[in-house]
Protein chains: 2
Amino acid sequence: MTTSTLVPVFAALGDETRWSILAALGEGDASASALAGRLPVTRQAIAKHLAVLQEAGLVESLRVGRELRYRVLGSQLSETARNLDRIGAEWDRRLSTIKQIAEGL
Amino acid sequence: MTTSTLVPVFAALGDETRWSILAALGEGDASASALAGRLPVTRQAIAKHLAVLQEAGLVESLRVGRELRYRVLGSQLSETARNLDRIGAEWDRRLSTIKQIAEGL
DNA sequence: AGTTACTGCAACCCTTTAGTTGCAGTAACT
DNA sequence: AGTTACTGCAACTAAAGGGTTGCAGTAACT
């Protein structure tokens, strides 16, 4: 996984409303209309957010009768978390190396 | 750590240029001016990005002579990664529980 | 003391994005 | 078959964000 696929994920997670949506979906799958009943924004706004989240691979959609339900993909979050941890550790490693060189060790 | 402190971190990580800056800082501490020499944006743009990154707690600044150097805080990334993993696992756990209930198990 | 080089602030532009309203389409249920 | 309810598309507004240029301030090296 490169950072080019990672950036949209973070961009998607960088919005409060989308977190509300994800949290609501954490309670169980739901459609845009159902979510609109619980959150203080219109269905269309939620639909846009869901599109962003789906594009980022954080949710998937499934048709159930006449409604389009969304499901949160927690595994994708964990995947992202692993990448983040790896990168953070790498930076720390490199910087401590640089520091040691600077100190002449 | 609540999501209210988490969201700005993700918002900060949701931009390509800021990743370039973080990557550059991963090679060693640098000032906004120094970074401007390596990246295809002006110093002022970089200064704004650094302010965002600092606000999110991803970098810290330190004065060295007349320049203000920035250092990437990899540990903060790892911290964020842990939170992300925890949340993702929680969603997966809840959803599998819901699924089991729905299946009457 | 004078010059140099780095930071800080302000104003501005353009694009993106979060949000809205309104309407058309269409697939389910009765 | 008719109604209901959910989705999809379009146009529009307002605010935020990434980027720029220009200038003032100031601390450091010679």
Side-chain angles (χ1 to χ4, degrees), chain A residues 3-25 27-72 102, chain B residues 3-25 27-72 102:
Chain A
T3 60
S4 62
T5 73
L6 216 47
V7 169
V9 176
F10 291 124
L13 293 176
D15 182 88
E16 295 279 2
T17 304
R18 280 196 281 270
W19 274 98
S20 312
I21 291 173
L22 290 173
L25 288 179
E27 309 284 336
D29 301 353
S31 67
S33 298
L35 290 169
R38 287 195 256 169
L39 301 175
V41 282
T42 60
R43 172 184 65 87
Q44 288 84 344
I46 289 175
K48 285 188 191 178
H49 284 304
L50 285 169
V52 173
L53 290 168
Q54 190 166 25
E55 190 69 24
L58 291 170
V59 303
E60 66 181 1
S61 65
L62 36 141
R63 274 231 119 82
V64 177
R66 77 181 116 189
E67 67 182 350
L68 188 61
R69 286 204 193 141
Y70 288 85
R71 166 170 304 166
V72 70
Chain B
T3 59
S4 61
T5 73
L6 216 45
V7 170
V9 176
F10 292 124
L13 293 176
D15 181 86
E16 294 279 2
T17 305
R18 280 195 281 270
W19 276 96
S20 310
I21 291 173
L22 289 174
L25 288 180
E27 309 284 335
D29 303 351
S31 67
S33 298
L35 290 168
R38 287 195 255 168
L39 301 175
V41 283
T42 59
R43 171 184 64 88
Q44 287 84 343
I46 289 174
K48 284 189 191 175
H49 285 305
L50 286 170
V52 172
L53 291 169
Q54 188 166 28
E55 190 68 24
L58 291 170
V59 302
E60 66 180 1
S61 64
L62 38 140
R63 274 231 120 82
V64 177
R66 76 182 115 187
E67 68 182 351
L68 188 60
R69 287 206 192 140
Y70 288 84
R71 165 171 304 167
V72 70

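The sequence lines fix the lettering, A, B, ..., with proteins before strands; numbering per chain opens at 1.
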Inset, instruction - Check if the side chain of E16(B) and the base of dG18(D) share a donor-acceptor pair of N or O atoms closer than 3.5 Å. - result: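 In this structure, the two groups form no donor-acceptor pair.
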Inset, instruction - Can you check whether any acceptor in the base of dG17(D) is under 3.5 Å from a donor in the side chain of K48(B), or vice versa? - result: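 No pair found.
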Legend entry - Heavy-atom neighbours of E27(B) CD exceed 12 at 6.0 Å: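 Yes - once you tally the heavy atoms of other residues, nucleotides and ligands closer than 6.0 Å, there are more than 12.
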Legend entry - Sidechain-backbone polar pair: R43(B) side chain, S33(B) backbone, donor-acceptor under 3.5 Å: no
Inset, instruction - State whether the side chain of W19(B) and the backbone N or O of L13(B) hold a donor-acceptor pair below 3.5 Å, judged by distance alone. - result: yes
Figure out the [atom1]/[atom2] separation between [X] and [N], and round it to whole Å.
X	N	atom1	atom2	answer
I46(B)	dG19(D)	CD1	C1'	11 Å
Y70(A)	dT7(D)	OH	C1'	9 Å
Q44(B)	dC13(C)	CD	P	17 Å
L35(B)	dG18(D)	CG	C1'	17 Å
L39(B)	dT20(D)	CG	C1'	16 Å
D15(B)	dT16(C)	CG	P	13 Å
R43(A)	dT21(C)	CZ	P	12 Å
R69(B)	dT7(C)	CZ	C1'	15 Å

Of all the nucleotides listed ([options]), which has the minimum atom distance to the side chain of [X]?
X	options	value
V41(B)	dG19(C), dC6(C), dT20(D)	dT20(D)
E67(A)	dA18(C), dT7(D), dG19(D)	dT7(D)
R66(A)	dT7(D), dC29(D), dT4(D)	dT4(D)
T42(A)	dT7(C), dG19(C), dT20(C)	dT20(C)
R18(B)	dC6(D), dG19(C), dG18(D)	dG18(D)

Inset, instruction - Give a yes or no on whether a salt bridge exists between E67(B) and R69(B), defined as a side-chain N under 4.0 angstrom from a carboxylate O. - result: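 Yes, this pair counts.
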Inset, instruction - Could you tell me whether R71(B) and D29(B) make a salt bridge, using a distance below 4.0 angstrom between a side-chain N and a carboxylate O? - result: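 Between D29(B) and R71(B) there is a salt bridge, with a charged N closer than 4.0 Å to a carboxylate O.
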Inset, instruction - Specify the residue among R63(B) and A11(A) whose closest nucleotide of DNA chain C lies further upstream toward the 5′ end. - result: R63(B)
Applying the Watson-Crick and G-U wobble criteria at under 3.5 Å, what pairs with [N]? Answer none if nothing qualifies.
N	value
dT15(C)	dA16(D)
dC23(C)	dG8(D)
dA28(D)	dT3(C)

Inset, instruction - Identify which one of L50(B), L53(B), L58(B) satisfies the side chain to side chain contact (heavy atoms under 4.5 Å, CB included) criterion when paired with L25(B). - result: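 Checked L50(B), L53(B), L58(B) against L25(B); only one passes side chain to side chain contact (heavy atoms under 4.5 Å, CB included): L50(B).
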Inset, instruction - Check whether any side-chain N or O of H49(B) sits under 4.0 Å from OP1 or OP2 of dG17(D), and answer yes or no. - result: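 No, H49(B) has no side-chain N/O under 4.0 Å of OP1/OP2 on dG17(D).
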Inset, instruction - Respond yes when some side-chain nitrogen or oxygen of T17(B) is under 4.0 Å from OP1 or OP2 of dG19(D), and no when none is. - result: yes
